[in-house]
Number of protein chains: 4
Amino acid sequence: MRGGSFALLLALAMPAHAERARDLGIPFEGTPGKLNAITDVPGVEVGQVTLVSGEGPLVVGKGPVRSGVTAIFPRGRADGRPVYGGHFDLNGNGEMTGIAYMQDFGVIYGPIGISNTNAIGQVYAGIQQWSQRRFGHAGFPVVAETWDGWLNDIEGFHITSETAIAALEAAKGGPVAEGAVGGGTGMQCFGFKGGIGTASRRVKIADKNYTVGVLVQCNTGDRAVLRIAGVPVGREIGQRWIPCYDPRLAPADKQPRCSGEARAGHMPGDRGSIIIIVGTDAPLMPVQLGRVAKRAAMGLARLGSYSGNGSGDLIAAFSTAAAEPNHPDQAAPTPIAPVPSAAIDGLFEATVEATEEAIVNALTAARTMTGADGYRLFALPHDELRAIMKRYGRLEGPAR
Amino acid sequence: MRGGSFALLLALAMPAHAERARDLGIPFEGTPGKLNAITDVPGVEVGQVTLVSGEGPLVVGKGPVRSGVTAIFPRGRADGRPVYGGHFDLNGNGEMTGIAYMQDFGVIYGPIGISNTNAIGQVYAGIQQWSQRRFGHAGFPVVAETWDGWLNDIEGFHITSETAIAALEAAKGGPVAEGAVGGGTGMQCFGFKGGIGTASRRVKIADKNYTVGVLVQCNTGDRAVLRIAGVPVGREIGQRWIPCYDPRLAPADKQPRCSGEARAGHMPGDRGSIIIIVGTDAPLMPVQLGRVAKRAAMGLARLGSYSGNGSGDLIAAFSTAAAEPNHPDQAAPTPIAPVPSAAIDGLFEATVEATEEAIVNALTAARTMTGADGYRLFALPHDELRAIMKRYGRLEGPAR
Amino acid sequence: MRGGSFALLLALAMPAHAERARDLGIPFEGTPGKLNAITDVPGVEVGQVTLVSGEGPLVVGKGPVRSGVTAIFPRGRADGRPVYGGHFDLNGNGEMTGIAYMQDFGVIYGPIGISNTNAIGQVYAGIQQWSQRRFGHAGFPVVAETWDGWLNDIEGFHITSETAIAALEAAKGGPVAEGAVGGGTGMQCFGFKGGIGTASRRVKIADKNYTVGVLVQCNTGDRAVLRIAGVPVGREIGQRWIPCYDPRLAPADKQPRCSGEARAGHMPGDRGSIIIIVGTDAPLMPVQLGRVAKRAAMGLARLGSYSGNGSGDLIAAFSTAAAEPNHPDQAAPTPIAPVPSAAIDGLFEATVEATEEAIVNALTAARTMTGADGYRLFALPHDELRAIMKRYGRLEGPAR
Amino acid sequence: MRGGSFALLLALAMPAHAERARDLGIPFEGTPGKLNAITDVPGVEVGQVTLVSGEGPLVVGKGPVRSGVTAIFPRGRADGRPVYGGHFDLNGNGEMTGIAYMQDFGVIYGPIGISNTNAIGQVYAGIQQWSQRRFGHAGFPVVAETWDGWLNDIEGFHITSETAIAALEAAKGGPVAEGAVGGGTGMQCFGFKGGIGTASRRVKIADKNYTVGVLVQCNTGDRAVLRIAGVPVGREIGQRWIPCYDPRLAPADKQPRCSGEARAGHMPGDRGSIIIIVGTDAPLMPVQLGRVAKRAAMGLARLGSYSGNGSGDLIAAFSTAAAEPNHPDQAAPTPIAPVPSAAIDGLFEATVEATEEAIVNALTAARTMTGADGYRLFALPHDELRAIMKRYGRLEGPAR
């Protein structure tokens, strides 16, 4: 399949507001930025490549392929300077590279790449090659992953360094496609089709306006505990719409099987993972960005998650306010007047809120997808969601 | 005031089920232990000393006093052996001693003490003195704090090592008093009267039954974001019942002032702190207990918290299954067959759930209290709470 | 004994250069400051209280007492503002408070206190009381300890909050007394009499001059591995001058016994602990101070240490360049233009060198001391040391 | 050059004792295992691939190539089960993958790969591909790097996933080639030719014999501070034998230039990095392995290192005693009776000693190498080294 003729679909800018959670009437706190996306943070650019090809039985190395790469540039594609960064490891059943550099230097060095578990190496290689050519240094990029092996032939290693470079080249500001795109293409979120989601919040600190933006690749979550805006949506939907295999395509041991109408079965617990990237233009020191990263975990917790053992829940946060003074060529450091700790609460609250909304956006944006062995991941049904929210007095906003 | 005649009230076993959250119909997930308390974990003992004396204007060193100490023995008062432990620093605006020992040895060495911020030293001293006499070694106890200076003359340093020792001596199994008792006496939780809360969950792993118990000292939380069982209770109650100063007693700059009927005003953001102690009899290695500790932060997040800058949110977790083999006298280690990581999810979920419930218990158990300068912290009004929960379709359980 | 009539000796400014390592011809790298002490860092003040009273058999609560407190003010006694700080836990068999605050805020909040293991609580209490009175906030002080129970009646808890306050009040700039003074009074270092040691280095970064100062309380070390300036001094001295008990005073099971001339016996391995405090006036962010703290561990390693299990080896580092902007009253943060990482090596090297020299200074400054049960800790014999250094071609400096 | 005809040299088992430090009379403490190599730890296998091709001017993508891959299997190539592991980040100017998994699970999952900075991605990809095929899961391998861009066309990205797989396939027990082999091929250590070095120690704990083995890839170190067995070798050799460029091949700005006899010049400070892998068959919990990892940093410190800013000094440690019970298929955990902390000192001391010796072995084993632009890295001259050691009374062992 590698080198074959499958379609490399550069994600088009989808009508970004069509299927977003707040358009469905889900209530959230706080004031989003213009796009309600991580790209509301000035300078942030996102590039995504989506690989969707083949259908039918899984043949390792052949497909079907449901995967991709999402790339994030904290200061845009043209700026190779590192930024201050911090991280938080909520549950380390996953990979995030660049941790030592974040830990000791408080710096994210290069674009960030997110893809599937078996693509870490190729995405790392692609980013280093591209950065070396562009900026003369390869850096220690932050590359993270979640596992898409339900829908995708992950053992076929279809993501290459070229896929990663294409994602880097596609980076731009503006609306960010959500759902089954980029690194999120094959992902499963609380037992529904998931993937990429984003959101942002405006924060005013001492008369200055800042933005906090979050992008998630959601592949985590136990259906049974899913809360949306506090409502026990997972319990209400229960075992309906659970993922299933096409009985005509999948080996007999792959359960449950899809039937004509029954979509009931036993939904497994918390599997998969979530990667959360937080960006802001507020000037923050590394130690403060580590604190911001911890708040993203609290946003995930609002969804009811207990961060299951199988879930690699890893978070990185960056501030675009200062370019890091580490590079040897730079004679002088960029001075930084960090947000005083006593004024940081707005950024914390924004991070929690934007993370919560970004995850719900990943759920509402994604559409039902069928992949390897006819495995089908259903989209969270919007009408049911709205009906449940209404029943619990939590439906807001304009009727559709 | 120190050495004076104020009452040292050994906390009596209150009717522990009278004002607990689930008795009010608040819904929670999971199956609690018999007492729904940390003492459901076999061997765990809790001792509390409550200091309430004086009223009227604050006179530093004189009072009024609204404070105390809560002590927790992982393996009971008679067992001086350390246990495996882990910790998590969600927001380090506070003190928890014993961190280096937890970090490097994975061990909690001695009883745990919780009190007010300015009592750290005296509680530490008291535990060491007591442990030295009892067990021949002073240990490196875990002592943690939250700030009760609204209600209490905290600058008067009324807690002494003797207060701490009295708490140790009072330790016992059975029901745990909640609300304004022990270290929680003067605490404020989401702008209501808070303090001590506890809860537990039963977990079955491979045919074995374990218990996870949580005890919190809740002095944290921004009223505006308070969610209970997912319901935006804080937003609904808004600025009613906010804490206020008695205008006849307090200096003019202390705001807001209590008035005959108005209890409205501007509620400040997230201040104070929360200490969370998690115990279990499941055999866990230190690295696993650190992971459990992180889940307690997710329980706090369910309340809507963003762990504000001013809040010292510190968590320790222990397993009673193995006594630590570190002490020099011990020739051989206690072998440990830890719960396999792949089976640990039940403990994670239990920790999140029990933490959530313990915090709500701290709120529902506490009664309105008036302290220094006539500062009044109102109890979360149960009827309003029930009405709100009902409005959002989240009231469960038997009618009272 | 507490409240009794033993002598509270305020440490006099000893002739600070009399017995220092480099005066004995021990070679070190780098350029020390004027005093070769942590007080070369502008603003740093050190106060020490030394308690020496009683002799003869140990009677718990009576004595003999060989202990004390050493206090360090990063910005002097008159300045209550916190400073940026970082820490490193090389071996967590000990206590250092304030870790959560250093971890999350990158700040040391209050004066630093060092004493014996069982004095943690009282020193913490004393610092909080003093800070509350002086500055209106108690802070989360860094209090650390090492165990002096060989020479000292440590179980008698002779250090009180008043002892700590006396150390705070004694703080001043200028020469720092070394050896058996302050918190180091009863300490044992590589099987010799140890205690307090200090040293400093000058560092030039981009035409600016900075100072790195180190103060250690050395109670650690396995005699067998002791290297001084790379020379295997411990192996050369071997089992001579090992600590011993007076056979007329000590119970029979306390070994080895001092004899008329034999001072040979079996020296135990690495016990005790070391606390290392690093200060600098170079502007460093918290993340950089954590890195500096790790270099102090490398200085210890030069002595041959393997940081034994029984040794609590804990390090804190601070920068006096910026007052921390955290306190609520402070509207605006202090801007910080940190040393660029690419220029930080001089500070790292200075930290390693000054730590190495401070430990040797603790050894050379201390004099033979006899304490509880007639336990005698011999000073590292200067003549033997010089002879060994000469034999290995490592004796430098003027002849005495 | 990629895909070209350069020689892929599978490292032959060199006469492993020919040029080792202790054969030159350098004194070390402790008792090595039979091979004095990491492979003395039962089950450990090492595979190395060395790429040496081309000479002359650097042409990016063409060469010259001086690089390779070193792979380590904790339990041998046939055993895909993860092992308990820990890590320590001494200076995070580098990449080590797998940190989140080590941090939270205390586990190293898959073979370990070490190569050059720009090969991280390809080595990661190669290990995942190989592991997926062999064991059915790709794991989260520990992949680490140091920068060989002085001798090697590192920007040409000559290491591919196939190179990594060849190193995995070459893994075996027995003697380990040292010096300019495998990942260490192009490395520079204290300004001399460096690379791979290894050593081991025997440790007896409670009548059981264990082995600690260390493997380093040494590319770090400031010549000026180099100490060998405590002797200031770097200062003695000074600026002789410093690396230089062939004036006929290198651009004029590359300094210093090699001249007929002068090898003097200005040696830069601490650049490059060091990766240290520690293995043992002693049963250790993850928290204990993290402590072991910190001791490796103390071994590096004995060489005089201050872990310069430019040096990525990263350490991982594993225990082969227990296979990790995490994998979902495994119903029951492997019970572990860890070494009691009170008996762990022998392992700490062994780690310090073996790390010190492994680094010196990397120096003594390597031979002078010339690479890109005629850059020449001189071997540490054995005769000079012996002469210096003798002058300082530190030459031991049989004359050669």
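Naming: A, B, ... by sequence-line order, numbering from 1 per chain.
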Consider side chain to side chain contact (heavy atoms under 4.5 Å, CB included). Of A:Ile274, A:Leu300, A:Ile275, A:Ile276, which one does A:Cys218 pass it with?
A:Ile274
Any side-chain to backbone donor/acceptor pair from A:Ser131 onto A:Ile127? Under 3.5 Å, distance only.
yes
Residue A:Gln132 versus chain D: region with a heavy atom under 4.5 Å:
side chain
Does any backbone or side-chain atom of D:Leu90 lie under 4.5 Å from a heavy atom of chain A? Answer side chain, backbone, both or neither.
backbone
Please confirm whether the backbone N or O of D:Arg291 pairs with a side-chain atom of D:Arg295, one donor and one acceptor, at under 3.5 Å?
yes
Heavy-atom pair count under 4.5 Å with chain A, highest-scoring of D:Gly312, D:Ser161, D:Ala138, D:Gly94
D:Gly94
Among side-chain atoms of A:Ser307 and A:Asp313, is any donor-acceptor pair under 3.5 angstrom?
yes
Heavy atoms only, distances under 4.5 angstrom: which of A:Leu314, A:Thr117, A:Val123, A:Val60 has the most pairs with chain D? Name it, please.
A:Thr117
Look at D:Gly149, D:Ala125, D:Gly126, D:Gly310 and state which one has the largest set of heavy-atom pairs under 4.5 Å with chain A.
D:Ala125
Do D:Asp373 side-chain atoms and D:Tyr375 backbone N/O form a donor-acceptor pair below 3.5 Å?
no
Compute the centroid of each ring, for D:Trp130 and then for D:Phe73, and state whether the two points are separated by less than 6.0 Å.
yes
Partners passing side-chain contact (heavy atoms from CB on, under 4.5 Å) against D:Ala71 (at least two apart in sequence or in another chain)
D:Ala167, D:Leu168
Please check if any side-chain donor atom of A:Gln122 sits under 3.5 Å from a side-chain acceptor atom of D:Tyr124, or the reverse.
no
Close contacts, residues 139-147 of chain D versus chain A, judged by heavy atoms under 4.5 Å
D:Phe140, D:Pro141, D:Glu145
